[in-house]
Amino acid sequence: MSTNVLRTADGWWVVLPRALDSARAGGTPTERAVPVDTKAVTTAELIADRGAVREAALSGEAGTPVSDLAALSPVTTPCRVVAQMVNYRSHARDSGFTGDIPPAFFRKAFGSVSGPGEAIVRPSHVRFLDYEIELGLVMGAPLPIGTVVEEADLPSYVAGLVVTNDVSAREIQLTKTQFYESKSYPTFTPTGPYLALLEPEDFAHLLDLRLKLSVNGEPRQDRTLADMIVRPAQALTLLARFQTLDPGDLLLTGTPGGTALKAPPKPVEKIGALLPPAVKWKAFFKSQARNPRYLRHGDVVTASIATPDGRIDLGEQRTPVADAHGEQR
């Protein structure tokens, strides 16, 4: 079984299996956590000290309610943050892709990584703020150039999993074809709450993981990894053609369909292709301004990833949306 770890300003904690709070016999299960006796500061150092994590899990302590802890991102920075583009069939359909989709990657600034309860801050020049729930792979070993990763090799390279949200400023992404800027503003990669450290046998259950995201309680995204086009082992092999990774680095593995942004109908797209770029984009974003699904000040985004049986459960992210400097649209 996987072991969930969270990080606070005071250090690292192991989340115990859910049990009934003795003070509320017969009540709902309460998650509790115990501190890890480790000198680890970074995620990479914690992964290297898994013995301390196991000792904490077996300590027999009653623990502290998780709800009393202020969780930070369990992925510490600086680190590499790499992401896969259009990697779910449902997202490909929403984006207007047909036929084979070539695998593609992009980088995000590590300064975009934020905690699982921290507000997503919309820069004042961004109007079309979108969400993308993604499974994050946290590396546990170096991935040198030229590495070939088979399915059976995944436990040798991937230490654990996290919930991430690849927040995107769509007008910057589309008009500038600029992924790095559009996805790298501070708070544009909410991460956590848990880092699920996996055992080798857990990897056989990855395709059962279900990604769910809602905005203000309205379901927006809901798919399992079975919808994924390029799966983790192949993705790491392709990435290793040109990019090294180290322990503690983060790979975002793509988002399913259901984002606010969708490709226009084919007839509209064909007409747009005949227009000058400035005119085309002006018309496109005029239509997008009527789309109520983009994130706005005061929205709350809830994201979770788990297997149906709870064998792997990465916890739930609840991130409010706020306009920069308190400005509202």
Side-chain angles (χ1 to χ4, degrees), residues 73 81 83-97 101 104-106 108 112-120 122 126 128-137 161-170 173-174 179 182-183 187-194 196 205-232 235 250-264 288 291-296 298-308 310 312-321:
S73 166
V81 182
Q84 291 177 258
M85 183 172 67
V86 191
N87 195 37
Y88 280 71
R89 294 176 183 86
S90 54
H91 189 212
R93 289 193 297 270
D94 282 357
S95 302
F97 287 95
I101 301 169
F105 300 89
F106 59 91
K108 297 188 68 164
S112 67
V113 174
S114 55
E118 190 175 343
I120 298 168
R122 182 190 68 87
V126 172
F128 301 101
L129 190 67
D130 209 348
Y131 49 84
E132 294 187 8
I133 185 174
E134 306 207 8
L135 176 68
L137 308 184
L161 310 174
V162 290
V163 179
T164 65
N165 186 354
D166 179 25
V167 179
S168 305
R170 293 302 193 191
Q173 177 187 345
L174 296 177
F179 278 71
S182 66
K183 294 167 174 283
T187 73
F188 272 31
T189 314
T191 302
Y194 300 150
H205 301 268
L206 291 187
L207 294 187
D208 296 329
L209 287 167
R210 181 171 290 276
L211 289 69
K212 294 183 178 182
L213 182 142
S214 64
V215 179
N216 302 328
E218 177 193 352
R220 298 285 182 87
Q221 295 181 280
D222 186 354
R223 286 289 193 283
T224 68
L225 261 66
D227 189 36
M228 188 179 276
I229 298 170
V230 177
R231 295 176 179 173
L250 178 62
L251 172 62
L252 280 57
T253 55
T255 197
T259 60
L261 178 69
K262 289 181 173 56
Q288 291 298 296
N291 182 345
R293 295 170 69 88
Y294 286 106
L295 298 176
R296 290 171 169 79
D299 286 346
V300 176
V301 182
T302 304
S304 63
I305 301 177
T307 58
I312 306 173
D313 188 341
L314 309 186
E316 183 179 85
Q317 230 183 62
R318 287 182 58 84
T319 47
V321 179

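Note that this is a predicted model, so its numbers are computed, not measured. No hydrogens, no waters, no symmetry mates; every other heavy atom, side chains included, goes into these values.
Proximity of P190 to S114: side-chain heavy atoms (C-beta onward) are separated by under 4.5 Å at one or more points. Annotation: side chain of T259 is in contact with side chain of Q221 (closest heavy-atom distance under 4.5 Å). By the 4.5 Å heavy-atom criterion applied to side chains, L261 and Y294 are counted as neighbours. The shortest side-chain heavy-atom distance between T187 and V167 does not fall under the 4.5 Å cut-off.
For S90, the side chain to side chain contact (heavy atoms under 4.5 Å, CB included) test picks out Y88, R93, R223, D227, P256, with sequence neighbours left out. For the side chain to side chain contact (heavy atoms under 4.5 Å, CB included) test, residues two or more places apart in sequence or in another chain that qualify with A119 are P320, A322. In this view, K183 and E132, D166 satisfy the salt bridge (charged side-chain N to carboxylate O under 4.0 Å, His left out) rule, not counting sequence neighbours. Residues satisfying the side-chain hydrogen bond (donor to acceptor under 3.5 Å, both in side chains) criterion with S112, sequence neighbours excluded, are T189. By the side-chain hydrogen bond (donor to acceptor under 3.5 Å, both in side chains) test, T307 pairs with D309, sequence neighbours left out. Applying the side chain to side chain contact (heavy atoms under 4.5 Å, CB included) test to R293 and every residue at least two apart in sequence or in another chain returns Y131, E218, R220, A260, K262, N291. Every residue two or more places apart in sequence or in another chain that forms a side-chain hydrogen bond (donor to acceptor under 3.5 Å, both in side chains) with Q173 is listed here: R170. With sequence neighbours left out, A92 forms a side chain to side chain contact (heavy atoms under 4.5 Å, CB included) with V86, F97, I101.
The minimum heavy-atom distance linking I305 with V162 is given by the pair CD1-O, 4.4 Å. Contact between R318 and E316 at its shortest, heavy atoms only, is CD-OE1, 3.6 Å. Minimum heavy-atom separation, A303 to V163: CB-CG1, 4.1 Å.
Panel note: side chain K108, backbone L252; no donor-acceptor pair is recorded below 3.5 Å. Under the 3.5 Å distance criterion, the side-chain polar atoms of T255 are matched with a main-chain donor or acceptor of I133. The main-chain N or O of A235 is never found under 3.5 Å from a side-chain atom of Q84 such that the two would form a donor-acceptor pair. In this structure, the side chain of Q288 does not engage the main chain of F128 through any donor-acceptor pair within 3.5 Å. Under a 3.5 Å cut-off, the side chain of N87 and the backbone N or O of V230 do form a donor-acceptor pair. Side-chain atoms of Q317 come within 3.5 Å of backbone N or O of G192 as a donor-acceptor pair.
From T253, atom OG1 reaches atom CD1 of I229 across 12.0 Å, with rounding to the nearest 0.5 Å. Distance CD1/I312 to CG/L206: 5.5 Å, rounded to 0.5 Å. Atoms CG and OG1, from L295 and T319 in turn, are 8.0 Å apart once rounded to the nearest 0.5 Å. Taking CG from L314 and CG from L135, the interatomic distance works out to 6.5 Å, rounded to the nearest 0.5 Å. Atom CZ of residue F188 and atom CG of residue D130 lie 10.5 Å apart, to the nearest 0.5 angstrom.
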Tell me which donor-acceptor pairs under 3.5 Å the side chains of residues 209-217 have, and how far apart each pair is, sequence neighbours excluded?
residue : atom : partner : partner atom : Å
R210    : NH1  : D222    : OD1          : 2.7
N216    : OD1  : V300    : N            : 2.9
N216    : ND2  : D299    : OD1          : 2.9

Next on the checklist: If you apply the rule side-chain contact (heavy atoms from CB on, under 4.5 Å), what do you find for L250 with L137, and how did you get there?
Outcome noted: CA-CA 6 Å; L250 178 62; L137 308 184; over 6 Å; no
